[in-house]
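This report concerns only the one structure given below.
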There are 2 protein chains.
Amino acid sequence: MSLAHALMTSLLEKPSSGYDLARRFDKSIGFFWHATHQQIYRELARMEKAGWIASEAAPDGGKTRKRLYQVCPDGETELRRWVLEPTAPTDLRDELMVRLRADAAIGPLGLEPELRRRQALHEARLAAYRAIEQRDFPIGRSLSREARIQHMILKTGIMYEEAWARWSAETLKLLAE
Amino acid sequence: MSLAHALMTSLLEKPSSGYDLARRFDKSIGFFWHATHQQIYRELARMEKAGWIASEAAPDGGKTRKRLYQVCPDGETELRRWVLEPTAPTDLRDELMVRLRADAAIGPLGLEPELRRRQALHEARLAAYRAIEQRDFPIGRSLSREARIQHMILKTGIMYEEAWARWSAETLKLLAE
DNA sequence: TGCTCCATGTAACACGTTACATGATTGC
DNA sequence: GCAATCATGTAACGTGTTACATGGAGCA
């Protein structure tokens with residue numbers, strides 16, 4: 001269970017509603033970790049029951065049903081404990097790899113359009129990340145420790161999309177041979 | 001549902017038992033896509049019920065309970081259909097990223113040992129993949145289309161582990177600042 | 001009035017993990 | 001005889017996805 005900890009990390013920086021979390025889930029985490037609102041509401045309910053977070057009606061005079069969540073001391077203790085647990089690396093596990101392998105076994109089946117689509121998709125994301133990088137981490141500005149780590153996380157997303165875009169191009173070349 | 005299609009791809013190349021599939025799940029897929037034997041047995045049962053695969057007792061004279069599965073025409077039809085479906089890219093979603101983000105918010109918490117552990121882990125995998133590459137795809141040998149695609153998939157795994165090893169090193173440097 | 005967005009939720013299901021169980025074969 | 005490995009399975013649970021539902025607020 002790690003969605004809970006990801007949400008607490010977001011809430012630590014800014015108390016938010018489930019709806020807000022669902023939409024952004026926090027800039028530098030949400031870019032590469034999507035969660036549906038159902039998942040988030042369910043998890044928030046569990047966390048509140050466990051005493052990790054607490055909620056109050058949003059300060060809008062009861063106009064909306066919005067609830068603001070924030071992290072309790074127990075939640076931060078739990079987060080500190082969890083951070084130092086060992087992690088298992090995430091598998092690659094991209095379906096395109098399986099399709100490619102199937103194409104090798106019984107193909108050629110015409111994967112080129114899909115590869116071009118994927119390449120465009122990764123390049124679009126790459127452009128979006130780079131725009132954010134220029135906006136939030138301009139060159140030559142000295143940054144706090146926190147900002148430097150956040151920048152590192154964004155750069156990881158950039159590296160990831162670069163790698164997939166390059167991979168798509170290379171694989172297209174291979175299929176064209 | 002894509003485990004089914006991954007399994008069929010493996011079975012197309014070599015009819016196998018659930019046990020065999022669980023152990024190797026096929027070289028160039030299994031390296032970066034792990035599945036437990038329970039998942040595989042459950043999936044094989046479903047696929048047989050759907051008429052995608054068929055099984056027979058292994059030709060060992062009933063000595064073991066081993067069953068050999070192979071792909072039926074309906075299964076191959078389904079696989080061909082599935083291969084051309086559009087794919088969604090896999091999220092990065094590595095827990096280390098969340099831990100790092102939490103460290104930025106409430107840290108420093110001492111993530112260095114974990115990062116060194118992860119770096120060593122990725123480098124070990126990298127070495128294993130490279131050994132396989134040298135064994136199965138020696139330089140200067142001309143390869144079939146199928147082998148070239150399989151080589152591409154292995155190289156993807158190599159790129160992936162390289163990227164994570166490099167990332168670990170860079171992040172360690174950042175935390176040491 | 002009707003549309004879109006805000007904001008939260010229930011229910012059912014698919015997929016993945018962990019624990020436990022069973023019995024046969026192989027090797028020391 | 002005992003342990004390890006082969007080979008298959010059941011059960012329970014945790015996480016993630018999809019469909020559907022509800023009602024208020026803001027705007028043309």
Side-chain angles (χ1 to χ4, degrees), chain A residues 1-8 11 15-25 29-30 32-50 53 55-69 82 85-95 98, chain B residues 1-8 11 15-25 29-30 32-50 53 55-69 82 85-95 98:
Chain A
M1 195 200 308
S2 134
L3 176 57
H5 301 88
L7 292 173
M8 277 200 284
L11 289 178
S16 312
S17 67
Y19 188 83
D20 291 338
L21 288 168
R23 281 204 318 179
R24 26 175 217 94
F25 185 177
I29 291 175
F32 41 77
W33 186 337
H34 178 258
T36 61
H37 75 274
Q38 292 82 351
Q39 239 180 306
I40 288 174
Y41 284 127
R42 180 167 57 185
E43 204 58 38
L44 286 173
R46 276 185 207 156
M47 290 156 75
E48 187 163 28
K49 207 171 158 191
I53 58 175
S55 68
E56 48 176 8
D60 56 7
K63 280 192 177 174
T64 67
R65 301 164 66 196
K66 191 169 182 166
R67 301 197 62 76
L68 278 185
Y69 287 90
W82 175 84
E85 275 185 355
T87 61
T90 310
D91 285 350
L92 231 179
R93 209 178 226 289
D94 196 290
E95 290 199 356
V98 182
Chain B
M1 192 200 311
S2 135
L3 177 58
H5 300 88
L7 291 173
M8 277 200 283
L11 289 178
S16 311
S17 66
Y19 187 83
D20 291 338
L21 287 168
R23 281 205 318 180
R24 25 176 217 92
F25 184 179
I29 290 175
F32 41 78
W33 185 338
H34 179 257
T36 61
H37 74 274
Q38 291 81 351
Q39 239 179 308
I40 289 174
Y41 284 125
R42 180 167 57 185
E43 204 59 38
L44 286 173
R46 278 186 207 154
M47 290 157 75
E48 186 162 29
K49 208 171 159 192
I53 59 174
S55 69
E56 48 175 8
D60 56 7
K63 279 192 179 178
T64 68
R65 300 163 67 196
K66 191 169 182 168
R67 302 197 62 76
L68 278 185
Y69 288 90
W82 174 83
E85 274 184 356
T87 60
T90 310
D91 286 350
L92 232 182
R93 207 177 229 288
D94 195 290
E95 290 199 356
V98 182

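Chain identifiers are assigned alphabetically (A, B, ...) following the order of the sequence lines, protein sequences preceding nucleic acid strands; residue numbering begins at 1 within each chain. Values below: every heavy atom of this structure, side chains too, minus hydrogens, waters and symmetry copies.
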Checklist entry - Does OP1 or OP2 of D:dC6 have a side-chain N or O of B:S17 closer than 4.0 Å? => result no
Checklist outcome for this item: Atom CZ of B:R23 and atom P of D:dA7 are separated, to the nearest Å, by 7 Å
Checklist outcome for this item: Regarding the side chain of B:R65, the nearest nucleotide among D:dA7, D:dT18, C:dT8 is D:dA7
Checklist entry - Where the side chain of A:K66 is concerned, which of D:dA7, C:dT8, C:dG16 is the nearest nucleotide? => result C:dT8
Next on the checklist: In whole Å, I'd like the distance from the CD atom of A:E43 to the P atom of C:dG9.
Outcome noted: 14 Å
Item to check | Nearest-neighbour nucleotide for the B:Q38 side chain, C:dC20, D:dA19, C:dT8 considered | outcome: C:dC20
Item to check | Given C:dA7, D:dT17, D:dA12, the nucleotide with the shortest approach to the side chain of A:Y19 | outcome: C:dA7
Checklist entry - Taking for each residue the nucleotide of DNA chain C with the nearest heavy atom, is it A:G18 or A:R42 whose nucleotide lies nearer the 5' end? => result A:G18
Checklist entry - Starting at CD of A:Q39 and ending at C1' of C:dA12, how long is that distance when rounded to a whole Å? => result 15 Å
Checklist entry - Roughly how many Å is it from CD in A:E56 to P in C:dT8, rounded to a whole number? => result 13 Å
Item to check | Rounded distance in Å - CG (A:L21) to P (C:dG9) | outcome: 13 Å
Checklist entry - Side-chain contact, heavy-atom cut-off 4.5 Å: B:K66 with B:D20? => result yes
Item to check | Side chain proximity check, B:S2 to B:W33, heavy atoms < 4.5 angstrom | outcome: yes
Checklist entry - For A:H37 and D:dA19, what is the distance between atoms NE2 and C1' respectively, to the nearest whole Å? => result 10 Å
Checklist entry - According to a strict under-4.0 Å criterion, is A:Y41 in side-chain N/O contact with OP1 or OP2 of C:dG9? => result no
Checklist outcome for this item: Separation of C:dG9 atom C1' from A:E48 atom CD, nearest Å, is 14 Å
Checklist outcome for this item: Rounded to the nearest 0.5 Å, the CG atom of B:D94 sits from the CZ atom of A:F32 at a distance of 9.0 Å
Checklist entry - Side chains of B:S16 and B:R24: does their closest heavy-atom pair fall under 4.5 Å? => result yes
Checklist entry - D:dG14 base to A:R46 side chain: any donor-acceptor pair below 3.5 Å? => result no
Next on the checklist: From C-beta outward on B:T64, which listed nucleotide comes closest to its side chain: D:dG16, D:dA7, D:dT18?
Outcome noted: D:dA7
Next on the checklist: I want to check something: taking the side chain as every heavy atom from C-beta on, are B:D91 and A:T90 in contact at a cut-off of under 4.5 Å?
Outcome noted: no
Checklist entry - Over how many whole Å does the gap from B:I40 atom CD1 to C:dC15 atom P extend? => result 14 Å
Checklist outcome for this item: DNA chain D nearest-nucleotide lookup for B:L68 and B:R93: closer to the 5′ end is B:L68
